[in-house]
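What follows is a short report on a single structure.
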Amino acid sequence: RYSHIFFDLDHTLWDFETNSRETLVDLYGEFRLEEKGIPAFEDFHNRYSYHNEIYWERFRKGYISRDLLRWKRMYVTLLDFQIADEPLSRTMSGRFLDLLPRKKHLFDHAIEVLDYLRENGYPLHLITNGFMETQERKLHHSGIKGYFTHVITSEKAGFLKPERGIFDFALRQVRVPAAETVMIGDHFEVDILGAMDAGMDQVYFNPGVPVTGRPPTYTINGLADLKKLF
């Protein structure tokens, strides 16, 4: 039914939560945050995760710049612990962006499923809101770069998911009509509704968030379920 398959990267193939946590553990020790007034790593991790989600949402909606996203989420995290230090925040943010893409954790069955799809003749591509350099490094270090013919980032397309422009850009790059494609992702609004509006079928990698409104074409609970669909 489909001639091309598109994946999201973070939270769908690349285990962002595990990799981010490991990176924050590295930062907590490297910058001696316990001595600076953050007595427990879990507190640091929870506050960063909270602020990161808020700032990414603002970035997706065009309210803030990429540079502000990158350092301000760390700044407000430290501020929660009465550490008002912009230079430290910028240094830690740079270190975070250096270390994070080196982490290698993928979701269960990711390699198995990518092998299966490739062996069955499906050209595979990525559509991601991540930054090009960072996403390329994630793909390289996790060993899955070679599976994808096109890596479409918001930076390259000039649009952020769920804007239709990034999906239309991807379809033009691949030179395929939307009706022959399917998009696989974990974020209902960003991946599923965005692909739906572009005329693509969708596979919702359901992270436990109930679907409201328009249902996706398919829903899976784990990547191995893709072998039942294709």
Side-chain angles (χ1 to χ4, degrees), residues 6-21 23-24 45-77 79-80 89-90 93-94 96-97 100-101 103 107 125-139 148 150-173 178 181-214 216 219:
F6 292 86
F7 277 91
D8 174 45
L9 180 59
D10 295 338
H11 307 283
T12 299
L13 293 169
W14 196 79
D15 188 347
F16 181 88
E17 296 300 333
T18 299
N19 291 319
S20 177
R21 182 183 179 87
T23 305
L24 291 172
H45 174 261
N46 291 340
R47 297 313 298 167
Y48 179 85
S49 298
Y50 171 77
H51 290 300
N52 182 57
E53 183 62 32
I54 290 174
Y55 275 82
W56 258 105
E57 183 68 15
R58 292 177 181 174
F59 178 69
R60 278 195 293 264
K61 293 181 177 178
Y63 298 153
I64 61 173
S65 67
R66 180 176 73 169
D67 179 66
L68 190 63
L69 164 69
R70 284 181 157 182
W71 73 268
K72 194 67 177 291
R73 57 190 174 181
M74 188 67 71
Y75 178 78
V76 294
T77 297
L79 203 59
D80 284 347
S89 302
R90 288 184 177 274
S93 296
F96 179 85
L97 292 170
L100 179 66
K103 303 299 182 180
F107 278 100
H125 317 283
L126 287 171
I127 303 178
T128 170
N129 275 348
F131 307 117
M132 191 69 197
E133 180 183 357
T134 302
Q135 302 303 69
E136 288 280 2
R137 291 175 64 203
K138 289 176 184 177
L139 294 170
F148 302 102
H150 291 277
V151 177
I152 308 300
T153 65
S154 54
E155 194 173 26
K156 181 189 292 187
F159 298 93
L160 283 157
K161 293 184 296 183
E163 293 177 271
R164 178 167 177 169
I166 189 171
F167 296 98
D168 288 342
F169 179 89
L171 294 171
R172 288 195 301 270
Q173 292 289 300
T181 66
V182 61
M183 174 71 192
I184 302 166
D186 73 290
H187 196 297
F188 188 75
E189 178 184 351
V190 173
D191 297 311
I192 304 308
L193 292 184
M196 193 180 296
D197 289 341
M200 305 168 69
D201 278 3
Q202 325 88 41
V203 178
Y204 181 32
F205 185 8
N206 188 351
V209 180
V211 175
T212 58
R214 294 178 289 176
T219 298

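Bear in mind the structure is a predicted one, so any value in this text is a computation, not a measurement. Sequence positions, counted from 1, serve as the residue numbers for this chain.
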Task: Salt-bridge present (Glu57, Lys61; N to O < 4.0 Å) - done: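 Answer for the salt bridge query: yes.
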Euclidean distance, [Y] [atom2] relative to [X] [atom1], rounded to 0.5 Å:
X      : Y      : atom1 : atom2 : result
Ser93  : Arg70  : OG    : CZ    : 9.5 Å
Ile54  : Leu69  : CD1   : CG    : 12.5 Å
Lys161 : Leu193 : NZ    : CG    : 12.5 Å
Arg47  : Thr77  : CZ    : OG1   : 7.5 Å
Arg21  : Leu24  : CZ    : CG    : 9.0 Å
Asn19  : Lys138 : CG    : NZ    : 8.0 Å

For [Y], does its backbone N or O pair with a side-chain atom of [X] as donor and acceptor, under 3.5 Å?
X      : Y      : value
Lys72  : Tyr55  : no
Glu136 : Glu133 : no
His125 : His150 : yes
Gln202 : Met200 : yes
Thr12  : Asp186 : yes
Thr181 : Ala178 : yes
Lys156 : Val151 : yes
Asn52  : Tyr48  : no
Ser154 : Asn129 : yes

Could you pull out the closest heavy-atom pair between [X] and [Y], with the gap in Å?
X      : Y      : result
Asp168 : Ala198 : OD1-CB, 4.2 Å
Ala157 : Ile166 : CB-CG1, 3.8 Å
Ala195 : Phe167 : N-CZ, 3.5 Å
Ser89  : Tyr75  : OG-CA, 3.2 Å
Phe188 : Arg214 : CZ-O, 3.1 Å
Leu97  : Arg137 : O-NH1, 3.5 Å

- [ ] Can you label the angle between the Phe148 ring and the Phe7 ring as parallel, tilted or perpendicular, going by 30° and 60°?
- [x] perpendicular
TODO: Please work out whether the ring planes of His11 and Phe16 are parallel, tilted or perpendicular, with thresholds of 30° and 60°.
DONE: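 The rings of His11 and Phe16 sit tilted, inter-plane angle from 30° to 60°.
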Side-chain touch [X]/[Y], heavy atoms, less than 4.5 angstrom:
X      : Y      : answer
Pro162 : Asp197 : no
Asp8   : His187 : no
Arg66  : Glu155 : yes

Open item on the list: Let's go through Trp14 and Leu126 carefully: what are the C-alpha distance in whole Å and the side-chain angles of both, what is the deciding distance for side chain to side chain contact (heavy atoms under 4.5 Å, CB included) to 0.1 Å, and is it a yes or a no?
Closed with: CA-CA 12 Å; Trp14 196 79; Leu126 287 171; over 6 Å; no
Open item on the list: Using the rule given for side chain to side chain contact (heavy atoms under 4.5 Å, CB included), can you reason through Leu139 versus Leu9, listing the C-alpha separation, both sets of side-chain angles and the distance that settles it, and then say yes or no?
Closed with: CA-CA 9 Å; Leu139 294 170; Leu9 180 59; 3.9 Å; yes
Open item on the list: Could you tell me if Arg172 sits above the aromatic ring of Phe169, with its cationic atom closer than 6.0 Å to the ring centre and no more than 45 degrees from the axis?
Closed with: no
Task: Cation-pi, Phe59 ring and Arg73 (6.0 angstrom, 45 degrees) - done: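 Verdict for Phe59: no cation-pi partner in Arg73.
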Task: Side-chain donor-acceptor contact under 3.5 Å, Gln135 with Thr153 - done: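 No - no donor-acceptor pair under 3.5 Å links their side chains.
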TODO: Mind running side chain to side chain contact (heavy atoms under 4.5 Å, CB included) on Phe6 and Leu171 for me, showing each step along the way?
DONE: CA-CA 10 Å; Phe6 292 86; Leu171 294 171; 4.3 Å; yes
Task: salt bridge (Lys or Arg N to Asp or Glu O under 4.0 Å) between Glu17 and Lys103, intermediate numbers included - done: CA-CA 11 Å; Glu17 296 300 333; Lys103 303 299 182 180; over 6 Å; no
Task: Test side-chain hydrogen bond (donor to acceptor under 3.5 Å, both in side chains) applied to Arg90 - qualifying residues, sequence neighbours left out - done: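 Here the qualifying residues are Glu86.
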TODO: Would you please test Gln173 and Ile152 for side chain to side chain contact (heavy atoms under 4.5 Å, CB included) and show each step?
DONE: CA-CA 9 Å; Gln173 292 289 300; Ile152 308 300; 3.8 Å; yes
